[in-house]
Amino acid sequence: MTKLFEKLLQPQITGIQTYVPGKPISELQREYNLSRVSKLASNENPLGASPKVLQAIRDQLADIGRYPDGSAYYLTHEMAKFLNREPEEVAFGNGSNEMLELVARIFAGPGDEIVYSQYAFAIYAISAQIVGAKGVEVPAKGWGHDLPAILKAITPKTKVVYLANPNNPTGTMFTKDEWEAFISKVPSDVIVVLDEAYFEYVNDTDYANGLEYIDDYPNLLVSRTFSKAYGLASLRLGYLVGHKELIGYINKLRAPFNVNHYAQVAAVAAIKDQNFVKKTVDYNLSGMAQFLAVFDKLNIDYIPSYGNFVCASFGDKTNEVNQELLKKGVITRPLAGYAMPEYLRISIGSSTENQHFISVITSLMK
Ligand SMILES: Cc1ncc(COP(=O)(O)O)c(C=O)c1O
């Protein structure tokens, strides 16, 4: 294709790699003429959403022609109450993705630096590129964030640090002690974004809940999402919690009506159904245990994970294994784009989907 407009591009836009999402089910069905597909590629909730959420959406369908509440008033108040924070300390976005990128747009630009870990969620590097800041990738330690090294990478040019706990795609977690040693030394004029997209899944007393640090560190923004444990990925809803001033800037810069009415209605119902979240987390733990037992039995190396997914290594056979899984209707996530070409990331699915993956992988490994 002739590039008509390349010359017009802002210089930082030229090199941006397009984010590659997991393959959709319908595409694989068409490609291989499959009747049954198990999508274990996007860390979605295999239980879907709470029935109470579905009912709340149904009850509001007649409102589809109206703009949503641009201030997400009820949702913001419900969430603030749930988190025991002030409404002015919470901002919602079209997925946490929008919020993560917005932080870079607001606080960094050409000449600035944005720091994140090797193997961290791809959007951090992309956000740095979008705003023309220098992305500083700090080598990982044991697939996880090396917080002391990240601290050393902060310079007077650093405007934003992104951390994911647990991290995607590796599933690693840093501990409360590591976190406290880190955050207490970060200069107060550097924004720390602590991405807790998978925090509901963590069942470990060493985990640091970011919200507990907001009062002590006004430069901290905690990012969470309704896409994972709440099962609302298609509605696109995430949020940031932090100091009122920071949240004020976020609200100023986000697009008007960035959170649709059904996301707002669904989230209010979802927050009130914590039993569903608990059921999701228990379901995930048993699916994870099932996967790990199979990996152990088949001698497949994996990275222990605190999320709703796990990375397994198939060495130099990874591409082949991925192709065979696809042919049999199992979509996982190859990680070559994360410079982890030997790994597939497998989301924990429903017990039927997990069984599908297990039976294909078991016959492949033979
Ligand atoms: C670590 C992490 N942060 C943020 C997101 C973005 O999620 P969403 O935009 O659906 O809220 C994801 C999605 O996979 C993720 O893994």
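Order of listing sets the numbers, starting from 1, for every ligand and every atom in it. Count residues from 1 along the sequence.
- Only the side chain of Y198 comes within 4.0 Å of ligand 1, counting heavy atoms alone; its backbone N, CA, C and O stay farther away.
- Here the closest heavy-atom approach between residue V192 and residue L163 is recorded as CG1-CD1, 4.2 Å.
- Counting protein heavy atoms only, atom 2 (C) of ligand 1 is closest to D195 OD2, 3.4 Å.
- Scanning all heavy atoms of the two residues, the minimum distance from S50 to D273 falls at OG-OD2, 2.7 Å.
- Side-chain atoms of T172 and Y119, non-hydrogen and from C-beta on, never get closer than 4.5 Å to each other.
- Below 4.0 Å from some heavy atom of R236 lie the following atoms of ligand 1, by number and element: 8 (P), 9 (O), 10 (O).
- The aromatic rings of F357 and F295 sit perpendicular to each other, their planes meeting at more than 60°, with 30° as the lower class boundary.
- Note on D204 versus K176: no salt bridge recorded, every NZ/NE/NH1/NH2 to OD/OE distance being 4.0 Å or above.
- Checking N43, N284, T332 one by one against S347, the side-chain hydrogen bond (donor to acceptor under 3.5 Å, both in side chains) holds for a single residue, N43.
- Considering backbone and side-chain N/O of N97, one or more are found under 3.5 Å from N/O of ligand 1.
- Contact annotation for S96 and ligand 1: heavy atoms of both the backbone and the side chain come within less than 4.0 Å of the ligand.
- Close approach of ligand 1 to T225 (heavy-atom distance below 4.0 Å) involves ligand atoms 8 (P), 10 (O), 11 (O).
- Taking a cut-off of under 4.0 Å to the non-hydrogen atoms of K228, the atoms of ligand 1 that pass are 13 (C), 14 (O).
- Of all the atoms in ligand 1, the ones that sit under 4.0 Å from a non-hydrogen atom of N168 are 1 (C), 14 (O), 15 (C), 16 (O).
- Contact between S227 and ligand 1 is present, with at least one heavy atom of the residue lying under 4.0 Å from the ligand.
- Of all protein heavy atoms, the one lying nearest to atom 12 (C) of ligand 1 is F121 CZ, 3.4 Å.
- With respect to E324 and K327, a salt bridge is recorded, a charged nitrogen being found less than 4.0 Å from a carboxylate O.
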